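These numbers come from a predicted model, not from an experiment. Sequence positions, counted from 1, serve as the residue numbers for this chain.
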Amino acid sequence: MTLNIPHYLDTLSRIFKPKIRLLAVSFLSLFFTDVAFASNLTVTLDGELAKAVEKNIYSYLGTLPESDLERSAFIYSAKENSFKALNSLGYYQADIEVAVEKDPWKLLLIIKLNEPTLLDNIKVNITGAAQNDPAFITLLNDMDIHHGDKLHHGKYETIKSDLLSLALQRGYFNGSLVDSNITIKQGYHYANINITYKSGPRYRFGEVNFNDFDLKPQLLESMIPFNKGDFYNTHDFHKLQQQLQSTQYFSNVQALPAEKAEDKVNDDYTIPINVTLTPAKSHQFDFGIGYATDTKFRLSAGWRTPLINKYGHFQETKIEYSSINPTGNFIYSIPLGHPTEDLLQFKITVEDDEYPDLTSKVYSAQIGRVLSKDDWNRQIYTRFHQEAWEYNLDEVKPNIDWSDKDNVQYIIPGIIWSRTIRSGSALDPSSGFRQIYNIEGAHLKAGSDNSFFRIHGRWNYITTLKPKHRLVTRAELGAIYIDRDAELAPSLRFYAGGDQSIRGFSYQSIGSTVPSSSDPENSTQVVVGGTRLMVASIEYQYYLTNKWRIAFFSDGGSVTNKGEFNPVYSFGSGIHYLTPVGAVKFDYAYGIDGDKKNGRIHISLGAEL
């Protein structure tokens, strides 16, 4: 090792007191026996060092000492540990000098990196069945290490761990690294890497054995995402557990590989899977409370029977009460094939809804088939829909042709498609996209009081532009085709306004209007919804901390009838607090409707997707 002594002395004279000079590292521990405040040791690195190099050195040095003895050991081993840190990054020719000062204690490491060791030959060989496995071929092609790169021990270790990890994921349970070494040559200027992995045979899935459980075997078998004899992979193994857990039939699912079976004569290697299922509680109850500006305080109670019989039937009953929108739902589900991906559902709903100028009561009974595949959920249904409503009219003779209390009945076939993909936290995703489409209708000659055709789509998109900067957008479009003289129930019409629609306006307050009275001087406009819907929103969010963020947004749109377009807008800002059940949002929006302007506070709780 060549040292530029004058340079080091000059550096020391600038940093330390004139009386302190370079000390011999091998005898450092003899000098430090009379210090009262050992924890005051500070470490300084001097030299042209990249941030990654500095970070690695500090990592190898470890935590600062807290006692006299620890300080002596720390200083004694500092040079050796620094060399280890530099060697791991390919700097085998570095020069390191150590200087120490007392009162207060300071440790200076003067480092000259010199030329790094470069990679010359890189040989990673795979033998056995894995040599033709596409996953291993991709791994070799994507290695982050090439001829001429600086030697990096971390990347070398990553290659080895990736080989072993991929082998376990792909079912090469007998595989091993038979050779792995780094050879330094030509005076530390170059290095060769040699790695040989012997995979052995690849195992296949054997029998899946379930413990005794009161459920039809066909239902359990439908949740096995692979066939006997398929090549083993951890993705399908974990999917088996996930599918079983998603049914909520079980309080605990434990799937474990059984003893491997090896038939070397016939080259048959299998691994059976043993699954232990623990039944869930017969009845599950949950209670909740919430608040939103749209629906005010809301109380909820739920009752679920996760497994009614051996055929996999289950039911869920939920009651939600608020002064504006009390709702009750009962859903009974029967698996037709897969317990979560193919269901026959019966649903009964009772709901009261309070609009700005009317109140409505809905009774609904529905039968449908729910299918899930490739992240898409599809529901084909037919429902009997009965609705009664009353308008808040003036005492003067109404100008509305409808009676004070209206009642209609429909038989409505329809279909809903939906898909949600997200990354990051489920309650606060870093990105995601939700899309929902609904088509339904009714016909006078098919048992309904009138005919209509209704289409509706909703989209929510979230992206993280850069750390701490998030963009949330949504859009909603809808159209209803109906005879102008026909009457449509309020819950089937479109409205806008509220926390999840156009902020700055009250809940469901935006829609087509009609005069409440034939007397122009006493008449007010009654909101009756519309047949055309168009709403959009864009919101920028900035994270102040992991729990707090601020938001700036603009909403806009229109709910009208065919041939009309009366848009409204809003601008606002808010502050959000992230909780374990979703973001609590405090937003203030300034609504603009023609010449009318109004400010409104919106409070809501929940996830955005």
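- When all heavy atoms of S509 and V527 are compared, the closest pair comes out as O-CG2, 3.5 Å.
- Here the closest non-hydrogen pair linking P306 and Q284 is CG-NE2, 3.7 Å.
- To the nearest 0.5 angstrom, L477 atom CG is 7.0 Å from L533 atom CG.
- The shortest heavy-atom contact between I462 and P429 is CG2-O, 3.8 Å.
- Within a 6.0 Å sphere centred on CD1 of I550, heavy atoms belonging to other residues, nucleotides or ligands number more than 12.
- Checked against a 6.0 Å centroid threshold, the rings of F213 and Y249 do not count as neighbours.
- With a 4.5 Å cut-off on side-chain heavy atoms, E440 and L492 count as touching.
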Working note: Y381 + Q345, criterion side-chain hydrogen bond (donor to acceptor under 3.5 Å, both in side chains); need CA distance, chi angles, decisive distance, verdict. CA-CA 9 Å; Y381 61 86; Q345 276 191 350; over 6 Å; no
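- Ion pairing between a basic and an acidic side chain is recognised when a charged N comes within 4.0 Å of a carboxylate O; E608 and R422 show no such pairing.
- A salt bridge between D428 and R470 is present, with a side-chain N of the basic residue lying under 4.0 Å from a carboxylate O of the acidic one.
- Residues A607 and A426 come closest through the heavy atom pair CB-O, 4.1 Å.
- In terms of modelled atom types and a separation under 3.5 Å, the side chain of D555 and the main chain of S537 share no donor-acceptor contact.
- Taking the six-membered ring where tryptophan is involved, the planes of Y540 and F552 are essentially parallel, since the angle between them stays under 30° and well short of 60°.
- Annotation: the span from L336 atom CG to E341 atom CD amounts to 12.5 Å, rounded to 0.5 Å.
- With hydrogens and angles disregarded, a donor-acceptor distance shorter than 3.5 Å links the side chain of E387 to the backbone of S491.
- V408 has its side chain within reach of W389: a pair of non-hydrogen atoms, C-beta onward, lies under 4.5 Å apart.
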Show your reasoning for whether side-chain hydrogen bond (donor to acceptor under 3.5 Å, both in side chains) applies to N566 and S558. CA-CA 6 Å; N566 301 308; S558 173; 5.8 Å; no
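- Separation of atoms CG (N546) and NZ (K468) is listed at 8.5 Å; rounding is to 0.5 Å.
- Looking at Y437 and Q435, their side chains come closer than 4.5 Å, going by heavy atoms from C-beta outward.
- Side-chain contact check for T349 versus V362: every heavy-atom pair is 4.5 Å or farther apart.
- Judged by distance alone, with hydrogens and angles left aside, the side-chain atoms of N438 form a donor-acceptor pair with the main-chain N or O of I415 at under 3.5 Å.
- Aromatic ring centroids of F586 and H576 lie 6.0 Å or more apart.
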Might you work through the side-chain contact (heavy atoms from CB on, under 4.5 Å) test for N598 and F505, ending with a clear yes or no? CA-CA 8 Å; N598 185 48; F505 298 86; over 6 Å; no
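- Using bins of under 30°, 30° to 60° and over 60° for the plane-to-plane angle, the ring pair Y410/F452 lands in the perpendicular bin.
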L471 and Y461: side-chain contact (heavy atoms from CB on, under 4.5 Å), yes or no, with the steps? CA-CA 8 Å; L471 190 67; Y461 176 72; 5.8 Å; no
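- Two residues are said to be in side-chain contact when any heavy atoms from C-beta on lie closer than 4.5 Å; T473 and W459 fail this criterion.
- Under the 3.5 Å distance criterion, with hydrogens and angles disregarded, a donor-acceptor pair is assigned to the side chains of S372 and N377.
- Using modelled atom types, one finds no donor on one side chain facing an acceptor on the other under 3.5 Å when comparing T327 with E320.
- Side chain of R600 to main chain of G498: no donor-acceptor pair is present (N/O by atom type, distance under 3.5 Å, no hydrogens or angles).
- Taking OG1 of T531 as the start and CZ of F494 as the end, the distance is 8.0 Å to the nearest 0.5 Å.
- Side-chain contact of Y495 with D353: a donor-acceptor pair under 3.5 Å is absent, judged by distance alone.
- Atom CG of L605 has more than 12 heavy atoms from other residues, nucleotides or ligands within 6.0 Å.
- Looking at D483 and N450, their side chains never come closer than 4.5 Å, going by heavy atoms from C-beta outward.
- A donor-acceptor pair under 3.5 Å is absent between the side-chain atoms of R503 and the main chain of H602, judged by distance alone.
- Salt bridge status for K373 with D342: absent, with no side-chain N to carboxylate O gap under 4.0 Å.
- Within 6.0 Å of atom CG in D142, more than 12 heavy atoms from other residues, nucleotides or ligands are found, so the atom counts as buried in its surroundings.
- Side-chain atoms of Q366 and S364 form no donor-acceptor pair, as typed in the model, at a separation below 3.5 Å.
- Under the 4.5 Å side-chain criterion, counting only non-hydrogen atoms from C-beta, L220 is in contact with L277.
- For the pair D593 (side chain) and K596 (backbone), a donor-acceptor distance under 3.5 Å is absent.
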Quick one: do L358 and V526 satisfy side-chain contact (heavy atoms from CB on, under 4.5 Å)? Show the steps, please. CA-CA 8 Å; L358 62 92; V526 176; 5.6 Å; no
The test is side-chain contact (heavy atoms from CB on, under 4.5 Å); show your working for I502 and V568 and say whether it passes. CA-CA 8 Å; I502 304 176; V568 299; 3.9 Å; yes
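- At distances below 3.5 Å, not a single donor-acceptor pair connects side-chain atoms of S448 with backbone N or O atoms of S451.
- For the pair T464 (side chain) and S430 (backbone), a donor-acceptor distance under 3.5 Å is present.
- By the 30° and 60° cut-offs, the orientation of the rings of F285 relative to W303 is parallel.
- In this structure a side-chain-to-backbone donor-acceptor pair under 3.5 Å is missing from T420 to R434.
- Side-chain contact annotation: S251 with T278, donor-acceptor N/O pair under 3.5 Å absent.
- For Y363, the OH atom counts as loosely surrounded, since its 6.0 Å shell holds 12 or fewer non-hydrogen atoms of other residues, nucleotides or ligands.
- When all heavy atoms are compared, the tightest approach of P335 to L219 is CB-CD2, 3.9 Å.
- With hydrogens and angles disregarded, a donor-acceptor distance shorter than 3.5 Å links the side chain of R532 to the backbone of I480.
- Taking the side chain as every heavy atom from C-beta outward, L307 and F250 never approach each other to under 4.5 Å.
- In this structure, E476 CD and H456 NE2 are separated by 3.5 Å, a value rounded to the nearest 0.5 Å.
- Between Q169 and S165, the side chains place a donor N or O and an acceptor N or O closer than 3.5 Å (distance only, hydrogens not considered).
- The shortest heavy-atom contact between G582 and T579 is O-OG1, 2.5 Å.
- Atom-to-atom distance recorded for D352:CG and S322:OG is 9.5 Å, nearest 0.5 angstrom.
- Within a 6.0 Å sphere centred on NZ of K597, other residues, nucleotides and ligands contribute more than 12 heavy atoms.
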